[in-house]
Amino acid sequence: MRWDLLFADLAAQLDAAEAADAVQTIAELTRAEQATILLTDRLRAAVGALLDLHLVDGHGLTAEVRDVAPEWVLLAERSRQHVVPLTAIASISGLTRHAVAPTSRAEAGRSLGAALRALMRDRAPVRVRTRSGHSDGRIARVGRDHLDIEELSHEQGPGRAAREGRLVPFSALVCVSET
């Protein structure tokens with residue numbers, strides 16, 4: 001009878017150790033899976049949601065997520081839309097823990113440059129915000145890592161505006177907004 005209790009105790013200890021090992025394995029696998037989640041995956045899960053973004057220039061933006069690409073997010077704030085490079089986001093409030101993996105469609109045409117070229121083709125008036133200020137005008141050219149904005153300058157007197165150009169590297173870009 002004593003041996004039965006001894007072997008039962010050993011079996012219980014083995015079962016407890018296996019259960020603890022399984023819990024630890026599950027926790028490790030969960031952490032490993034979470035380490036593969038990208039910011040874009042979290043933002044994709046928030047399409048249609050209202051988020052508070054804090055940008056690297058110190059400004060805040062409360063807006064609805066409309067679209068997400070590998071390099072940028074499209075946000076709608078009341079009647080204005082904003083293209084924000086992911087590198088310009090300092091923090092986000094309001095995201096859930098959910099994530100959505102990218103669909104199988106090609107992401108090649110969804111670069112920041114491609115989005116800005118679409119705005120250039122439309123000749124849409126925009127406000128280009130950088131870390132040091134902003135410029136209002138139209139996007140004149142989009143290179144691989146920069147854009148040229150054609151600003152409207154009123155320095156030549158009323159009714160005689162001159163066009164000025166400014167180059168903005170993508171690395172300095174914080175937000176491109178409808179005006």
Side-chain angles (χ1 to χ4, degrees), residues 1-119 128-132 142 144-147 168-178:
M1 184 85 161
R2 281 179 57 164
W3 283 19
D4 290 337
L5 292 174
L6 177 65
F7 286 112
D9 182 49
L10 287 174
Q13 287 178 20
L14 182 61
D15 289 344
E18 287 176 353
D21 196 33
V23 167
Q24 184 177 2
T25 301
I26 290 170
E28 287 176 18
L29 289 172
T30 300
R31 283 190 296 273
E33 183 178 359
Q34 288 172 347
T36 65
I37 295 173
L38 298 170
L39 172 59
T40 53
D41 299 338
R42 299 274 304 274
L43 286 168
R44 242 183 252 105
V47 169
L50 195 65
L51 300 178
D52 290 318
L53 282 82
H54 308 279
L55 304 177
V56 294
D57 67 348
H59 287 88
L61 185 59
T62 300
E64 177 188 339
V65 178
R66 289 282 174 89
D67 195 8
V68 180
E71 298 177 351
W72 53 267
V73 60
L74 177 65
L75 303 163
E77 175 193 40
R78 293 184 289 274
S79 62
R80 294 176 70 184
Q81 294 194 79
H82 311 274
V83 174
V84 177
L86 297 180
T87 57
I89 299 172
S91 66
I92 303 173
S93 300
L95 271 178
T96 65
R97 292 182 177 204
H98 301 289
V100 173
T103 60
S104 61
R105 72 180 188 188
E107 294 283 333
R110 299 190 32 92
S111 68
L112 180 59
L116 295 173
R117 278 188 281 285
L119 294 173
V128 175
R129 273 197 4 234
T130 67
R131 291 182 169 115
S132 64
V142 178
R144 183 174 182 174
D145 62 354
H146 68 281
L147 66 88
V168 179
F170 288 174
S171 61
L173 196 59
V174 172
C175 184
V176 177
S177 306
E178 289 181 304

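Residue numbers run from 1 in the order of the sequence given. Heavy atoms only: backbone and side chains are in, while hydrogens, waters and symmetry mates are out.
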Closest non-hydrogen atoms of Leu147 and Phe170, given as atom of the first, atom of the second and distance, are N-CE2, 3.9 Å

Shortest non-hydrogen pair, Ala46 vs Leu95, comes out as CB-CD2, 3.6 Å

When rounded to the nearest 0.5 angstrom, what is the spacing between NE2 in His54 and OG in Ser91? 4.5 Å

Side-chain heavy-atom pair Leu75, Leu51 within 4.5 angstrom cut-off: no

Is any side-chain heavy atom of Leu112 less than 4.5 Å from a side-chain heavy atom of Val83? yes

Where is the tightest heavy-atom contact between Arg66 and Val47, given as atom of each residue plus distance? O-CG1, 3.8 Å

Roughly how far apart are Leu50 CG and Thr62 OG1, rounded to 0.5 Å? 6.5 Å

Report yes if some heavy atom in the side chain of Trp72 is under 4.5 Å from a heavy atom in the side chain of Val176; otherwise report no. no

Are Ile92 and Leu39 packed together at the side-chain level, in the sense that at least one heavy-atom pair is separated by less than 4.5 angstrom? yes

Gap between atom NE2 of His82 and atom CG of Leu55 - 0.5 Å precision: 9.5 Å

Minimum heavy-atom distance Thr40-Val68, with the two atoms named: O-CG1, 3.8 Å

Arg42: salt bridge (Lys or Arg N to Asp or Glu O under 4.0 Å) partners, not counting sequence neighbours: none

Could you measure the distance from the CZ atom of Arg80 to the SG atom of Cys175? Nearest 0.5 Å is fine. 8.0 Å

Please check if the side chain of Arg144 supplies one atom and the backbone of Gly113 the other of a donor-acceptor pair under 3.5 Å. no

List the residues meeting salt bridge (Lys or Arg N to Asp or Glu O under 4.0 Å) with Asp41, not counting sequence neighbours, and say none if there are none. Arg44

Mind checking the CG-CD spacing from Leu119 to Glu178? Nearest 0.5 Å is all I need. 8.5 Å

Does a side-chain heavy-atom distance below 4.5 Å link Val73 with Ile89? yes

Less than 4.5 Å apart, any side-chain heavy atom of Asp67 and any of Arg110? yes

Is there a donor-acceptor pair under 3.5 Å between the side chain of Glu71 and the backbone N or O of Ser111? no

